[in-house]
Engineer: 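Take this structure, written in structure tokens, and hold onto it; I'll ask about it next.
Keep in mind the model is a prediction, meaning the values are calculated, not measured.
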Amino acid sequence: MESFKLYVEELYLLLNSITEDKLYFELPHFKLKLFSIDYSNGELLSMEALENLKSLEGMAKTLLGREICEEIPTLDAFRDSLLSSGVLTPLNLGALLSKINIPRESIEEPEEVYLALDTNVFYNALLFNISHLLKYKPRVVVSHCTLNELTHVFREHLKPGEVSKLRKILSIYGEQVYTRNTRAQKGRRAAAAIREYERVKTLYKVYETRGDECRGDKAIIEDFYRYSRKFRGKLLFLTFDNESRIYAYNKGIRNLYLETPPLEKLNNIPLHRLAELIYYLTVNFLTVKITGDKSWVKLYSWWRGQKIEEATGGVLLAFTPMASEVSGKLVKARKMRELVEFS
């Protein structure tokens, strides 16, 4: 079957080709159904992910012990996909917006607030997802420790022991898609976080700290502490990790702990978030199958021979019976975009 590559923002063209009505999402290598939606309005028609992922995780622990491989699909990874795509938002998003959506030289905040970002803020793509809600864009400080960490983790591939565990599970479920060359989930998530960092730089004024050593889990906060003593302005440290929040508080750094929302109240997938959701599902689960009323497609976030710029640029590999037709549409769409940008 033919394959082709496409960017996240081009996914809608693909989806329009495979359906006119409903879309069904599943993890094909685990034969696990996730959910289905009405493609006209994003209404959730079914949500099998909660029960199926819990069942799979329980079975994996029975077979492999408590130390299951991180590649085994989990409910946490599903929630991460929803959060990173902007389908879910932090419970206290309003509190964050009230602190940063103010003009510079404001009476309320005479001293400008700079956002100091923990690494998990990039993993969860927070700043890109809320950018449309901001009338005033705050300035952003990024620790060199975060950039070093993402660059290092990006290189992680599956270890032999992890591949063995996956093959043991997949011998029950079916499709063997993992090898020692497969980029690990940590590496794929780091690639997505690097993509988010590049997007943040196009939307906000970003300052990077400088330094040499980054030792220990609290290196980022220590870096921000040193930085805060050298410049004018208030730092507001954003994190999804409560321990990091406490450590920042003890260092005297203003902070906000971002609260992860529950899954139970989800009843709609906003269509403008759907492409990002598909992307993050492939990042967390390697491959996703989407079936429409006209055809289907399998999407991969990693493949043999993948280039670094593809991994960090939001490029996916697609397999579908409609490959020739969709590829032709993509070529025309890209030419039209080039003409518009040139003019």
Engineer: Which pair of heavy atoms, one from L117 and one from F237, lies closest together, and at what distance?
Structural biologist: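 Looks like C-CE1, 4.4 Å.
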
Engineer: Is V297 close to K289 at the side-chain level, that is, under 4.5 Å between some pair of heavy atoms?
Structural biologist: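 Heavy-atom side-chain distance check fails, nothing below 4.5 Å.
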
Engineer: To check you understand the geometry: which heavy-atom pair defines the closest contact between P261 and P90, and what is its length?
Structural biologist: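 P261 and P90 have their closest heavy atoms at CD-CA, 4.3 Å.
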
Engineer: Please determine which of T19, D21, N16 meets the side-chain hydrogen bond (donor to acceptor under 3.5 Å, both in side chains) test together with Y39.
Structural biologist: N16

Engineer: Please list all pairs meeting ring-ring contact (aromatic ring centres under 6.0 Å, His included) that have one or both residues in residues 241-276, counting only residues at least two apart or in different chains.
Structural biologist: none

Engineer: For residues 305-320, which residue pairs pass the side-chain hydrogen bond (donor to acceptor under 3.5 Å, both in side chains) check, not counting sequence neighbours?
Structural biologist: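 Pairs touching residues 305-320 that pass the test: K5-E310.
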
Engineer: Can you establish whether the number of heavy atoms outside K332 located under 6.0 Å from its atom NZ is more than 12?
Structural biologist: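 Result for NZ/K332: open.
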
Engineer: So, are R199 and E196 salt-bridged, with charged N and O less than 4.0 Å apart?
Structural biologist: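 Yes.
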
Engineer: If Ile, Leu, Val, Met, Phe, Trp and Tyr residues are connected whenever their side-chain heavy atoms lie under 4.5 Å apart, and connections chain through other members, are L91 and F78 in the same group?
Structural biologist: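 Different clusters: L91 never reaches F78 through Ile, Leu, Val, Met, Phe, Trp or Tyr contacts under 4.5 Å.
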
Engineer: Do V331 and L316 sit in one hydrophobic cluster, given that two such residues count as connected whenever their side-chain heavy atoms are within less than 4.5 Å of each other, even indirectly?
Structural biologist: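 Different clusters: V331 never reaches L316 through Ile, Leu, Val, Met, Phe, Trp or Tyr contacts under 4.5 Å.
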
Engineer: So do the side chains of I37 and L274 get within less than 4.5 Å of each other, counting heavy atoms only?
Structural biologist: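 Yes, at least one pair of side-chain atoms sits under 4.5 Å.
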
Engineer: Closer than 3.5 angstrom, by distance alone: can the side chain of N255 be matched with the main-chain N or O of I253 as a donor-acceptor pair?
Structural biologist: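 Between the backbone of I253 and the side chain of N255 there is a qualifying donor-acceptor contact (under 3.5 Å).
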
Engineer: Under 6.0 Å from the NZ atom of K218, do we count more than 12 heavy atoms belonging to anything else shown?
Structural biologist: yes

Engineer: Hey, is the main chain of K135 close enough, under 3.5 Å, to the side chain of N101 for a donor-acceptor pair?
Structural biologist: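 Indeed, once roles are kept as given, a pair shorter than 3.5 Å links the two residues.
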
Engineer: Taking side chain to side chain donor-acceptor pair (under 3.5 Å) as the definition, give me every residue that meets it alongside S81, ordered by chain and number, with sequence neighbours left out.
Structural biologist: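 With neighbours one apart ignored, the set is N284.
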
Engineer: Is it true that S84 and E276 share a donor-acceptor pair across their side chains at a distance under 3.5 Å?
Structural biologist: no

Engineer: Under 4.5 Å between side-chain heavy atoms, chaining through other members, with only Ile, Leu, Val, Met, Phe, Trp and Tyr counted: pull out the rest of the cluster around V153, sorted by chain and number.
Structural biologist: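 Y123, L150, F154, I194, I308, listed by chain and number.
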
Engineer: Salt-bridged, K251 to E222, with N to O below 4.0 Å?
Structural biologist: yes

Engineer: Got more than 12 heavy atoms from elsewhere within 6.0 Å of NZ, K22?
Structural biologist: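 Result for NZ/K22: open.
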
Engineer: Is a side-chain donor or acceptor of N52 paired with a backbone partner of L32 at a separation under 3.5 angstrom?
Structural biologist: no

Engineer: I'd like to know whether L133 forms a side-chain contact (heavy atoms from CB on, under 4.5 Å) with L93, so could you lay out the CA-CA distance, the side-chain angles of the two residues, the decisive distance to 0.1 Å, and finally the verdict.
Structural biologist: CA-CA 11 Å; L133 300 174; L93 178 60; 4.1 Å; yes

Engineer: Can K31 and E26 be said to form a side-chain contact (heavy atoms from CB on, under 4.5 Å), step by step?
Structural biologist: CA-CA 7 Å; K31 297 181 181 177; E26 62 182 294; 5.7 Å; no

Engineer: Is there any ring-ring contact (aromatic ring centres under 6.0 Å, His included) pair reaching into residues 180-201, and which pairs are they, with sequence neighbours excluded?
Structural biologist: F122-Y197

Engineer: Tell me, do P160 and R180 make a side-chain contact under 4.5 Å, heavy atoms counted?
Structural biologist: yes

Engineer: Strictly distance-based, threshold 3.5 Å: is any side-chain N or O of D223 a donor or acceptor partner for the main-chain N or O of A219?
Structural biologist: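 Such a contact is absent between D223 side chain and A219 backbone.
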
Engineer: Which is it for L235 and R254 under the side-chain contact (heavy atoms from CB on, under 4.5 Å) test, yes or no, and what are the steps along the way?
Structural biologist: CA-CA 6 Å; L235 280 187; R254 249 177 111 192; over 6 Å; no

Engineer: Considering residues at least two apart in sequence or located in another chain, which fulfil the disulfide (SG to SG under 2.5 Å) criterion with C214?
Structural biologist: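 Scan of C214 (disulfide (SG to SG under 2.5 Å), adjacent residues dropped) gives C145.
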
Engineer: Taking V200 as the starting point, is it possible to reach L115 by hopping between hydrophobic residues whose side chains are less than 4.5 Å apart?
Structural biologist: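 They do share one cluster, since a chain of ILVMFWY contacts under 4.5 Å joins L115 to V200.
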
Engineer: Is L203 reachable from V113 through a run of I, L, V, M, F, W or Y residues, each pair having side-chain heavy atoms under 4.5 Å apart?
Structural biologist: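 Shared cluster, yes.
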
Engineer: Quick one: list whatever passes ring pair (Phe, Tyr, Trp, His ring centres under 6.0 Å) with Y225, sequence neighbours left out.
Structural biologist: none

Engineer: For atom CD of E243, decide whether the heavy atoms of other residues, nucleotides or ligands shown that lie under 6.0 angstrom number more than 12.
Structural biologist: no

Engineer: Looking at H29 and L170, what are the two nearest heavy atoms and their distance?
Structural biologist: O-CD2, 3.0 Å

Engineer: So which of L317, N181, T182 actually passes side-chain contact (heavy atoms from CB on, under 4.5 Å) with R304?
Structural biologist: N181

Engineer: Looking only at atom types and distance, does a side-chain atom of D118 sit under 3.5 Å from a main-chain N or O of L238, one as donor and one as acceptor?
Structural biologist: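 No; judged by distance alone, with no hydrogens or angles, the pair does not exist.
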
Engineer: Got a sec, which pairs hit salt bridge (charged side-chain N to carboxylate O under 4.0 Å, His left out) with one end in residues 35-59, sequence neighbours left out?
Structural biologist: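 Non-adjacent pairs meeting salt bridge (charged side-chain N to carboxylate O under 4.0 Å, His left out): E57-K61.
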
Engineer: Could you walk me through whether M336 and V340 pass the side-chain contact (heavy atoms from CB on, under 4.5 Å) test, one step at a time?
Structural biologist: CA-CA 6 Å; M336 289 181 63; V340 171; 5.5 Å; no

Engineer: Has the side chain of R183 got a donor or acceptor atom that lies under 3.5 Å from a matching backbone atom of H157?
Structural biologist: no

Engineer: Is it true that the side chains of R167 and Y178 contain a donor and an acceptor less than 3.5 Å apart?
Structural biologist: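 No donor-acceptor contact under 3.5 Å links the two side chains.
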
Engineer: Considering all heavy atoms of both residues, which atom of G86 and which atom of R273 are nearest to each other, and what is their separation?
Structural biologist: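 Distance-wise, the nearest heavy atoms are O-NE, 3.7 Å.
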
Engineer: Applying a strict under-4.5 Å side-chain criterion to I, L, V, M, F, W and Y, I'd like to know whether L13 and M322 cluster together.
Structural biologist: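 Yes, because L13 and M322 connect within a single hydrophobic cluster, where side-chain heavy atoms sit under 4.5 Å apart.
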
Engineer: Can you confirm whether K335 sits close enough to L339 that some side-chain heavy atom of one is under 4.5 Å from a side-chain heavy atom of the other?
Structural biologist: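 They are not in side-chain contact.
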
Engineer: Do K165 and E71 meet the salt-bridge criterion of a basic N to acidic O distance under 4.0 Å?
Structural biologist: no

Engineer: Taking side chain as C-beta onward, heavy atoms only, is K294 less than 4.5 Å from E20?
Structural biologist: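 Yes; the side chains approach each other to less than 4.5 Å.
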
Engineer: Can you list everything that forms a side chain to side chain donor-acceptor pair (under 3.5 Å) with D241? Sequence neighbours excluded, please.
Structural biologist: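 Side chain to side chain donor-acceptor pair (under 3.5 Å) check on D241 returns S244.
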
Engineer: Can you tell me how far NZ of K99 sits from CG of N92, rounded to the nearest 0.5 angstrom?
Structural biologist: 9.5 Å

Engineer: Does anything in residues 277-303 form a ring-ring contact (aromatic ring centres under 6.0 Å, His included)? List the pairs, not counting sequence neighbours.
Structural biologist: Y300-F319

Engineer: Shortest non-hydrogen contact from A49 to L75?
Structural biologist: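 Heavy-atom minimum between the residues: O-CD1, 4.1 Å.
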
Engineer: Determine the sole option in T239, N124, L96 for which the side-chain contact (heavy atoms from CB on, under 4.5 Å) test with L258 is passed.
Structural biologist: L96

Engineer: Kindly write out the residues that satisfy ring pair (Phe, Tyr, Trp, His ring centres under 6.0 Å) with F25, not counting sequence neighbours, or none if the list is empty.
Structural biologist: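 Ring pair (Phe, Tyr, Trp, His ring centres under 6.0 Å) check on F25 returns F35.
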
Engineer: Enumerate the salt bridge (charged side-chain N to carboxylate O under 4.0 Å, His left out) contacts for residues 319-329, please, sequence neighbours excluded, ordered by first and then second residue.
Structural biologist: E325-K329

Engineer: If we ignore hydrogens and angles and just use 3.5 Å, is the side chain of S327 paired with the main-chain N or O of S324 as donor and acceptor?
Structural biologist: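 Not a single qualifying donor-acceptor pair exists.
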
Engineer: For the residue pair L166 and I72, establish whether any side-chain heavy-atom pair is separated by less than 4.5 Å.
Structural biologist: yes

Engineer: Do L299 and L11 come close enough that some side-chain heavy atom pair is under 4.5 Å?
Structural biologist: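 Yes. Closest side-chain heavy atoms under 4.5 Å.
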
Engineer: Any heavy-atom pair between the side chains of L6 and F4 that's under 4.5 Å?
Structural biologist: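 Yes, close enough: below the 4.5 Å cut-off.
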
Engineer: Show the nearest heavy-atom pair for residues R195 and G313, with the distance to one decimal.
Structural biologist: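 Looking at all heavy atoms of both residues, the shortest contact is CD-C, 4.2 Å.
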
